[in-house]
Amino acid sequence: MLLLALETSCDETSAAIVEDGRDIRANVVLSQIDLHVKYGGVVPEIASRAHLDTITLVIREALETAGVSLADIDAVAVSHTPGLVGCLLIGVTAAKTLAWSLGVPLIGVDHLSGHIYAAAMCSDEPVFPAIALVVSGGHTSLFACRSATDRDLLGATIDDAAGEAFDKVAAILGLGYPGGPIVDRTATVGDPKAFDFPRSMLGPGSLDFSFSGLKTAVLYRVRGRGKRGITPLDVSDPQVVADVCASFQAAVVDVLTRKTLKAADQAGMDTILVCGGVAANSHLREAFERIGADGRFRVIFPEMKLCTDNAAMMAVAWEKWQRGESSGLDLPAVA
Ligand code: KG4
Ligand code: ZN
């Protein structure tokens with residue numbers, strides 16, 4: 001089955017051609033970072049207009065890369081929730097138009113299912129049942145998964161997502177946008193023990209997350225708090241910036257790994273999938289690789305290019321196709 005998949009939920013315009021749910025024949029990802037960088041974050045209206053300008057080109061390039069034509073496509077998949085609604089609408093409308101004009105099924109999929117499926121695509125063996133940690137710019141959630149589309153939510157962030165905290169800490173340090181990859185790189189020469197930033201666990205049994213206190217702790221440490229006798233840090237010193245990045249990252253990774261292990265223990269599952277944009281973080285990958293190495297848990301990551309938003313992971317539609325499920329032309333884009 002040859003699937004054309006689209007992903008436009010945020011600031012990446014992406015189209016992929018995937019055969020039988022696994023074989024990625026093309027995965028074209030056009031990032032809009034250059035358009036948003038001067039605002040320090042994604043501007044929804046600019047993002048949706050940019051999707052509109054480029055979606056046709058991106059689809060054409062995916063078809064060319066895969067060496068197929070529209071007539072070869074058996075189904076069209078699209079992520080229709082969650083995301084920025086104006087952005088989702090572009091992908092959903094393109095997918096509906098193509099599915100209708102080609103006379104093939106339209107399959108709407110949930111963006112988070114796509115992130116989880118990205119890990120399953122990268123494993124030669126069946127991965128489910130599994131605990132999935134989905135950690136991105138918009139989400140930090142733990143799921144007990146029977147498949148990528150059939151799952152129970154065990155916990156989620158009550159405020160900022162982990163990726164959002166990375167982006168905000170980068171902004172506090174004046175490092176630019178998007179912050180995750182920059183903080184990751186900067187932290188490599190920093191001391192993770194230089195600053196003792198808080199690890200918010202929200203009570204002994206909780207599988208929820210909170211990163212806003214950590215972000216505020218970084219802000220106060222960097223800018224100083226006269227009343228408490230905390231002097232501002234010299235952020236013109238690259239070593240100080242590296243130490244803040246490494247210490248912040250250590251706190252995030254500590255909380256993510258501890259909560260994920262707790263979820264696996266509570267659910268009695270021994271496979272852990274680490275998915276979403278923050279799964280590209282080198283320190284997080286090392287920490288989970290160490291957990292995997294001691295043999296108690298099998299830990300699976302998507303390969304790097306499948307961690308951040310891309311259309312190939314929307315081949316999760318294959319699960320639905322096999323169950324005979326498809327969507328109507330009234331498929332909504334849901335924020
Ligand atoms: O999954 P994704 O592409 O989009 C959402 O669904 O949100 O994730 C984007 C997030 C951004 O916050 C970005 O800063 C973060 O993932 N990110 C990283 C790294 N690469 C991307 N965070 C930490 N370390 C990285 N290497
Ligand atoms: Zn995402």
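Residue numbers count from 1 along this sequence. Both ligands and their constituent atoms are indexed starting at 1 by order of listing.
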task = Using a 4.5 Å cut-off on heavy atoms from C-beta on, say whether the side chain of L133 contacts that of F209.
result = yes
A student checking ligand 1 against D167 at a 4.0 Å heavy-atom cut-off should list atoms 11 (C), 12 (O), 13 (C), 14 (O)
Ligand 1 to G163, heavy atom cutoff 4.0 Å, flagged ligand atoms 12 (O)
Notebook entry, point to check: If you measure every N/O of G277 against every N/O of ligand 1, is any gap under 3.5 Å?
Noted result: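 Looking only at distances, the answer is yes, because the N/O contact criterion of under 3.5 Å is met.
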Is G276 in polar range of ligand 1, meaning some N or O pair under 3.5 Å apart?
-> no
Check your understanding: Taking the six-membered ring for Trp, are the ring centroids of F248 and F166 within less than 6.0 Å of each other?
Key ->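 Yes, ring centres under 6.0 Å apart.
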Is there a heavy atom in [X] that sits closer than 4.0 Å to ligand 1?
| X | value |
| --- | --- |
| G138 | yes |
| H115 | yes |
| H111 | yes |

For I300, the other hydrophobic cluster members (4.5 Å side-chain criterion, sorted by chain and number) are L112, I116, V127, F128, V134, F143, L153, L273
#### Entry: Among L98, L3, L4, side chain to side chain contact (heavy atoms under 4.5 Å, CB included) partner for I73
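Answer after filtering L98, L3, L4: L4.
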Electrostatic pair [X]-[Y], nearest N-O below 4.0 angstrom:
| X | Y | value |
| --- | --- | --- |
| D265 | R296 | yes |
| R49 | E45 | yes |
| R151 | D110 | yes |

Quiz question: by atom type and distance under 3.5 Å, do the side chains of S210 and D159 form a donor-acceptor pair?
yes
Heavy-atom distances under 4.0 Å decide this one: backbone, side chain, both or neither, for [X] against ligand 1?
| X | result |
| --- | --- |
| N281 | both |
| H139 | neither |
| D309 | both |

Of all the non-hydrogen atoms in the protein, which one sits nearest to [atom], and at what distance?
| atom | result |
| --- | --- |
| atom 15 (C) of ligand 1 | V278 CG2, 4.0 Å |
| atom 22 (N) of ligand 1 | G180 CA, 3.3 Å |
| atom 10 (C) of ligand 1 | G137 N, 3.4 Å |
| atom 26 (N) of ligand 1 | D184 OD2, 2.9 Å |

Open item on the list: Using a cut-off of 2.8 Å, how many protein N, O or S atoms sit around the Zn ion (ligand 2)?
Closed with: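 Protein N, O or S neighbours of the Zn ion (ligand 2) under 2.8 Å, waters not counted, come to 3.
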Here the pair of heavy atoms bringing A62 nearest to A15 is CB-O, 3.7 Å
On a heavy-atom basis, the closest approach of A75 and I107 is CB-CD1, 4.2 Å
Worksheet item: Judged by atom type as modelled, is there a donor-acceptor pair below 3.5 Å linking the side chain of T257 to the main-chain atoms of D254?
Response: yes
Kindly assign one of parallel, tilted or perpendicular to the pair H115 and H111, based on the angle between their ring planes and the thresholds 30° and 60°. perpendicular
Original post:
When you look at T149 and R323, which way does the side-chain hydrogen bond (donor to acceptor under 3.5 Å, both in side chains) test go after all the steps?
Top reply: CA-CA 11 Å; T149 51; R323 293 196 296 258; 3.1 Å; yes
